[in-house]
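Notes follow the structure.
Proteins get letters first, then strands, A, B, ... in listed order; numbering begins at 1 in each. Since this is a predicted model, take the numbers as computed values, not measurements.
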There are 2 protein chains.
Amino acid sequence: MKDPTNPVCRTISTLLSRIGDKWTVLVVQTLGDGPKRFNQLRREIPSVSQRMLTLTLRNLERDGLVSRTVTPTIPPRVDYELTELGQSLQKPICGLATWALDNVEAIHGAQARFDAEQDAKAEAA
Amino acid sequence: MKDPTNPVCRTISTLLSRIGDKWTVLVVQTLGDGPKRFNQLRREIPSVSQRMLTLTLRNLERDGLVSRTVTPTIPPRVDYELTELGQSLQKPICGLATWALDNVEAIHGAQARFDAEQDAKAEAA
DNA sequence: CCGTATCCTCCAGGATACTG
DNA sequence: CAGTATCCTGGAGGATACGG
């Protein structure tokens, strides 16, 4: 089940890494409300670099989560859009997000207690 | 909503990174069937290094997802166990996993098509 | 406008050795 | 047994410059 050579496990853990990477979720979320052009995405996610946005989109395209449509006008125009598969991913992601939302307080509390205890120990030294 | 300075967004994205990191999910999953001792975890996740297991557990403990119980015998004994919060996280994680499972085929297919197309382009050169 | 190419930095994470 | 300390390397990801 957690044998790293198992191809299914590898797919799952790749997906999890993808989810956990710096930009994927943000991009998927942003594409959630319809197709967007490249620079439109850049504007809506100001912190992403051009390079990283390109790479993220390429990965999503490769996985079949996002479609890329080129209109060879001048200047060129490229539209990105969630595929059906991509849209279906939104639900489980959303599940995770709501869990986080529901438990921010609890988590922050736990962290505060933990850190306080660490400080207390440091004090004792 | 995607303002990185927003504390709620930061918590969410930290959680996502946590989910996406190399060991967290594996550890949570492994603790899913009851409390485990340190080396017991190491054995069940052979690929994890001692260092990384320690760090992962510390993070989980800090976030209140895992409890750490020390029994100061000789040799010492330390038990790790999912807290209620930790257990509640299993559901959304599982949601993601099932999505992955349900769509492995589709993803692999998309990847194959994508790669084939890339090769075709490389060929043309 | 939409990328690719290159360079550079930083740190996650492995290997190893040591302690209580 | 359950860690901490230290060193080291690969690769993620930013900045910048260029091309179609």
Quickly work out the B:Arg68 CZ to D:dT4 C1' distance and round it to whole Å.
12 Å
Across the strands shown, which category fits B:Arg37 at heavy-atom distances under 4.0 angstrom: base, sugar-phosphate, nothing?
sugar-phosphate
Same apolar cluster (I L V M F W Y, side chains within < 4.5 Å links), A:Ile93/A:Ile45
yes
Among A:Arg68, A:Gln40, A:Lys36, whose side chain to side chain donor-acceptor pair (under 3.5 Å) with A:Tyr80 holds?
A:Arg68
For D:dT4, take OP1 and OP2 only and decide whether either is under 4.0 Å from a side-chain N or O of B:Arg58.
yes
Whole Å only: how far is the CZ atom of B:Arg77 from the P atom of D:dA2?
8 Å
Rounded to whole Å, the CH2-P distance (B:Trp23 to C:dG13) equals 9 Å
Honestly curious: do B:Leu53 and B:Val70 fall in one hydrophobic cluster under the side-chain, below-4.5 Å linking rule?
yes
Without decimals, in angstroms, what is the distance between A:Leu41 CG and C:dC2 P?
9 Å
For atom CD of A:Gln118, decide whether the heavy atoms of other residues, nucleotides or ligands shown that lie under 6.0 angstrom number more than 12.
yes
Could you work out which one of C:dG20, C:dG13, C:dC2 sits closest to the side chain of B:Pro76?
C:dG20
Report the distance from atom CE of B:Met52 to atom C1' of D:dA2, rounded to the nearest whole Å.
16 Å
I need the CG-P distance between A:Asn59 and D:dG11, as an integer number of Å.
15 Å
Which part of the nucleic acid does A:Arg42 contact within heavy-atom distance under 4.0 Å: base, sugar-phosphate only, or nothing?
nothing
According to a hydrophobic-cluster definition based on side-chain heavy atoms being under 4.5 Å apart (Ile, Leu, Val, Met, Phe, Trp, Tyr only), do B:Leu15 and A:Phe114 belong together?
no
What nucleotide among D:dC1, D:dG14, D:dT4 has an atom nearest to a side-chain atom of B:Asn39?
D:dC1
Counting side-chain heavy atoms from C-beta on, which of C:dC2, D:dT6, D:dC1 comes nearest to B:Arg51?
D:dT6
DNA chain C: B:Val48 or A:Val70, which has the more 5' nearest nucleotide?
A:Val70
Could you check which of D:dG14, D:dA2, C:dG14 has an atom nearest any side-chain atom of A:Lys22?
D:dG14
Can you tell me the distance, in whole Å, between the CG atom of A:Asp21 and the C1' atom of D:dA12?
10 Å
Figure out the CZ/C1' separation between B:Phe38 and C:dG20, and round it to whole Å.
15 Å
